[in-house]
There are 4 protein chains.
Amino acid sequence: MARAKSPEKRQAFLQSAVREIAQVGLGASTANIAKGAGLAEGTMFTYFSSKDDLLNELYVELKTETYRRILADFPHQSGLRERARHIWTEYLRWAMEKPEERKVSVLLNLSAVVSAATRERMNAERGAVAKAMVELSKRGAFKALPPGFASSAMMAMQEAVMEMAAKKPRQKVLLIEQAFDAFWQMAK
Amino acid sequence: MARAKSPEKRQAFLQSAVREIAQVGLGASTANIAKGAGLAEGTMFTYFSSKDDLLNELYVELKTETYRRILADFPHQSGLRERARHIWTEYLRWAMEKPEERKVSVLLNLSAVVSAATRERMNAERGAVAKAMVELSKRGAFKALPPGFASSAMMAMQEAVMEMAAKKPRQKVLLIEQAFDAFWQMAK
Amino acid sequence: MARAKSPEKRQAFLQSAVREIAQVGLGASTANIAKGAGLAEGTMFTYFSSKDDLLNELYVELKTETYRRILADFPHQSGLRERARHIWTEYLRWAMEKPEERKVSVLLNLSAVVSAATRERMNAERGAVAKAMVELSKRGAFKALPPGFASSAMMAMQEAVMEMAAKKPRQKVLLIEQAFDAFWQMAK
Amino acid sequence: MARAKSPEKRQAFLQSAVREIAQVGLGASTANIAKGAGLAEGTMFTYFSSKDDLLNELYVELKTETYRRILADFPHQSGLRERARHIWTEYLRWAMEKPEERKVSVLLNLSAVVSAATRERMNAERGAVAKAMVELSKRGAFKALPPGFASSAMMAMQEAVMEMAAKKPRQKVLLIEQAFDAFWQMAK
DNA sequence: GATGAATGAGGTTTCATTCAT
DNA sequence: TATGAATGAAACCTCATTCAT
């Protein structure tokens with residue numbers, strides 16, 4: 001048989017795509033992505049049928065990695081506050097460790113290239129996170145608001161933290177904690 | 001050279017740019033923007049020296065319009081809660097009335113085409129909004145967090161409201177109010 | 001107003017296309033066609049929306065020119081033999097004067113890029129030629145065959161003449177005449 | 001290097017090439033040809049040194065098959081009319097049974113990929129057919145025309161029959177016969 | 001000033017061919 | 001021998017920008 005398709009090369013393309021897109025947006029050229037991966041442009045198309053396909057797969061990869069991190073040591077048995085704090089903290093740690101990944105994730109979320117099917121697929125993976133969010137939406141000020149709002153609010157507040165952290169990188173850890181306390185005011 | 005004869009034509013380009021960019025992203029072509037404005041491609045370059053220039057001017061225009069709305073009936077004499085509620089409500093009304101404008105605003109914010117100089121320029125225009133935000137950052141849970149956080153948090157929470165409103169358009173007015181109450185929990 | 005679209009440039013593209021396609025087939029590249037026309041590749045796309053469009057327009061141009069030649073001094077009042085001879089002769093003269101045009105015409109006829117709509121459009125232009133062919137199909141050996149056969153047979157025999165003429169260029173004129181006599185045997 | 005192990009695989013490539021080329025022209029990709037053959041892309045190049053080589057071999061194959069059919073029950077002892085009729089009929093039967101083969105044959109004939117050497121080689125195989133054609137060219141209206149004309153004319157007229165038959169598939173058998181009578185008018 | 005034709009660099013993708021397995 | 005991943009040169013086409021009119 002011939003050479004097998006190498007997972008390393010696939011990853012090289014995805015990682016290069018993250019770097020390029022973080023720098024220049026979704027308009028990053030396939031030529032540059034391939035060059036950044038140290039592979040030929042044509043090779044990219046044996047791993048991804050089109051640039052759109054690459055982008056969709058990248059979206060899946062990034063979301064999956066995020067959920068993987070959050071669900072790794074998830075405190076299923078703890079109270080809601082603890083579980084919410086875990087989600088809050090793990091997501092922010094990932095986002096701060098991998099700012100390019102996060103930026104690309106945001107861009108992909110906003111763009112039309114990620115198909116509804118792909119989004120649907122990822123929504124199904126949320127598991128314990130979704131459960132905690134449902135509980136959260138029945139508490140405090142969230143009670144009066146539509147069910148999905150608590151989840152959107154948490155994500156939005158995390159955005160605010162990210163933005164802040166970019167300006168004050170030294171205080172990251174404390175910032176994450178104290179911002180959670182602020183967020184939790186809404187759920188009390 | 002930018003800023004030429006007819007202000008109407010300038011506006012036509014900016015409005016067409018909003019429509020096109022809302023649909024296809026910042027990659028919208030100058031040809032389509034001009035066509036949408038009912039004017040010639042070349043004409044665009046007598047009003048804006050380059051596409052990047054157009055984008056920067058558009059950013060200014062959108063931000064200016066937002067602040068204009070917020071500052072129009074600003075309750076300078078009222079208490080902080082009332083002023084914060086005004087900012088909250090007016091921004092959300094604008095955003096909901098002009099979803100394309102808002103989407104483009106978000107895209108421009110994320111993109112590298114808007115220069116640091118342009119961003120700086122707009123920050124200076126915030127006036128009474130900035131003042132209210134400073135006060136806000138000294139209250140409640142925001143006290144423990146860096147100065148700019150309250151402002152970021154408000155914007156972030158507004159994002160969450162927008163997202164929600166897109167799904168439940170009927171409940172907009174109530175949603176705006178109740179979400180403000182949730183937000184205010186953090187400032188109490 | 002801006003520069004008008006120049007018919008000369010349009011013709012330059014079509015003529016270059018004829019030369020290129022005659023040499024390398026319908027796979028002739030847009031880059032080479034443009035280069036051959038002494039114009040930029042991008043310019044081609046202001047005259048033709050795509051390569052397929054160029055090919056369709058070329059087909060129309062070639063067919064139109066052929067019919068124009070044939071119908072120019074058409075002996076409408078003469079007997080069938082005379083009219084048939086005119087069609088025979090004029091077509092062959094054109095084809096021999098413009099061997100590249102003819103070759104491209106044949107290639108386009110065989111290919112799928114020429115749309116049914118385009119073919120239909122050209123069929124409508126045949127006028128006096130079609131009338132003569134109908135008459136011919138009711139004579140001699142053609143009587144026993146389906147209506148369109150006489151026309152196909154004439155075109156086919158002309159092909160044979162072309163092929164021969166390519167090998168014996170000196171005897172063209174005589175060849176055309178004597179081959180018509182052979183063809184006419186079938187109609188007697 | 002061409003001509004390797006399995007004749008079955010070689011045939012699979014050639015047959016797949018016929019199918020693909022009949023559909024999309026000589027631009028048919030080696031990838032699709034290989035896929036259609038149920039074999040790997042690379043394998044093709046152990047049987048044929050290049051795509052051009054494949055095309056040349058295909059040309060040889062198709063011509064050989066045609067002559068094989070015609071020469072199989074060739075009535076060497078019969079009069080010219082009978083022999084001409086045999087060539088006429090057998091060729092048309094083959095062409096109608098194998099429309100894809102015929103279409104590919106035509107495309108290859110027109111294209112520059114078939115080398116002069118290959119064409120020469122096949123001309124040598126015509127044997128009894130060539131002999132009949134020489135006799136034919138000395139008769140009737142063909143007498144006045146160059147030697148090769150009778151042969152070209154027969155092939156051309158067969159084209160016309162094919163075209164007709166495609167439109168009236170029911171009358172094939174009769175069409176072949178009556179068209180031969182028309183053709184023979186020129187030889188009488 | 002207004003127009004849109006002209007431009008050529010650069011975009012995504014296909015393809016014949018090579019070569020590691 | 002058979003495979004199909006790897007390659008990079010081209011393919012078609014789009015685009016921001018210039019400039020003749």
Side-chain angles (χ1 to χ4, degrees), chain A residues 1-6 9-10 27-35 37-55, chain B residues 1 4-6 9 27-35 37-55, chain C residues 1-6 9-10 13 27-35 37-55, chain D residues 1 4-6 9 24 27-35 37-55:
Chain A
M1 219 207 301
R3 229 171 312 184
K5 225 177 309 202
S6 128
K9 285 178 187 163
R10 198 188 117 90
S29 77
T30 53
N32 281 335
I33 292 172
K35 192 188 296 178
L39 292 162
E41 203 173 350
T43 306
M44 232 195 73
F45 291 88
T46 69
Y47 285 85
F48 308 96
S49 62
S50 67
K51 190 186 171 186
D52 272 21
D53 181 36
L54 166 70
L55 260 20
Chain B
M1 196 192 315
K5 241 183 176 174
S6 150
K9 286 183 185 164
S29 75
T30 53
N32 281 336
I33 292 172
K35 190 189 297 176
L39 293 162
E41 282 190 72
T43 306
M44 233 195 72
F45 291 89
T46 70
Y47 286 85
F48 307 96
S49 64
S50 68
K51 191 187 173 185
D52 273 22
D53 180 36
L54 166 71
L55 262 19
Chain C
M1 218 206 300
R3 229 171 311 186
K5 225 177 306 199
S6 128
K9 285 179 188 164
R10 199 188 115 90
F13 282 120
S29 76
T30 53
N32 281 336
I33 292 172
K35 192 187 296 178
L39 292 162
E41 200 172 352
T43 305
M44 232 195 73
F45 292 91
T46 70
Y47 286 86
F48 308 96
S49 63
S50 67
K51 190 187 171 185
D52 272 22
D53 181 36
L54 166 70
L55 262 19
Chain D
M1 197 192 315
K5 241 184 176 173
S6 150
K9 286 181 186 166
V24 304
S29 75
T30 54
N32 281 336
I33 292 172
K35 190 190 296 178
L39 293 162
E41 283 189 69
T43 306
M44 233 195 72
F45 291 89
T46 69
Y47 286 85
F48 308 95
S49 64
S50 68
K51 191 186 173 184
D52 274 21
D53 180 36
L54 166 70
L55 261 19

**OP:** Please name the pair of heavy atoms, one in A:Lys51 and one in A:Ala28, separated by the smallest distance, quoted to 0.1 Å.
**Re:** NZ-O, 3.0 Å
Original post:
Got a second to check how far C:Arg10's CZ is from C:Leu39's CG, nearest 0.5 Å?
Top reply: 13.5 Å
**OP:** Identify, between D:Ala28 and C:Gly38, the residue whose nearest nucleotide on DNA chain E lies closer to the 5' end.
**Re:** C:Gly38
Subject >> Presence of C:Thr30 side-chain N/O under 4.0 Å of F:dC12 phosphate oxygens OP1/OP2 >> reply: yes
Original post:
Just by modelled atom types, is the C:Lys5 backbone N or O under 3.5 Å from a matching donor or acceptor in the C:Tyr47 side chain?
Top reply: no
Original post:
What is the distance, rounded to the nearest whole Å, between atom NZ of C:Lys35 and atom P of E:dA6?
Top reply: 20 Å
Original post:
C:Ala31 or A:Ala4: which one's nearest nucleotide on DNA chain F is closer to the 5' end?
Top reply: A:Ala4
Original post:
Which heavy atom of B:Phe48 sits nearest a heavy atom of B:Asp53, and at what distance?
Top reply: CA-OD2, 3.4 Å
Subject >> Options F:dA6, F:dA11, F:dA16, nucleotide nearest the side-chain atoms of A:Arg3 >> reply: F:dA6
**OP:** To the nearest Å, give me how far apart CD1 (A:Ile33) and C1' (E:dG11) are.
**Re:** 12 Å
**OP:** Measure from CG on B:Asp53 to C1' on F:dT18 and round the result to the nearest Å.
**Re:** 17 Å
**OP:** Taking all non-hydrogen atoms of both residues into account, name the closest pair between C:Ala37 and C:Phe13 and its distance.
**Re:** CB-CD2, 3.8 Å
Original post:
Which stems, defined as runs of 3 or more consecutive Watson-Crick or G-U wobble pairs with both pairing distances under 3.5 Å, involve DNA chain F?
Top reply: E:2-21 with F:2-21
Original post:
What are the two closest non-hydrogen atoms of C:Ala34 and C:Glu41, and how far apart are they?
Top reply: CB-CA, 3.6 Å
Subject >> A:Lys5 vs B:Asn32, nearer the 5' end of DNA chain F by closest nucleotide >> reply: A:Lys5
**OP:** Strictly below 4.0 Å, heavy-atom distances to any atom of DNA chain E: list the hits from residues 39-52 of chain C, or just say none.
**Re:** C:Leu39, C:Ala40, C:Gly42, C:Thr43, C:Thr46, C:Tyr47
**OP:** Start with the C-alpha distance between B:Thr30 and B:Phe45, add both sets of side-chain angles, then the distance that settles side-chain contact (heavy atoms from CB on, under 4.5 Å), and finish with yes or no.
**Re:** CA-CA 10 Å; B:Thr30 53; B:Phe45 291 89; 4.3 Å; yes
**OP:** Might you work through the side-chain contact (heavy atoms from CB on, under 4.5 Å) test for B:Ile33 and B:Met44, ending with a clear yes or no?
**Re:** CA-CA 9 Å; B:Ile33 292 172; B:Met44 233 195 72; 4.2 Å; yes
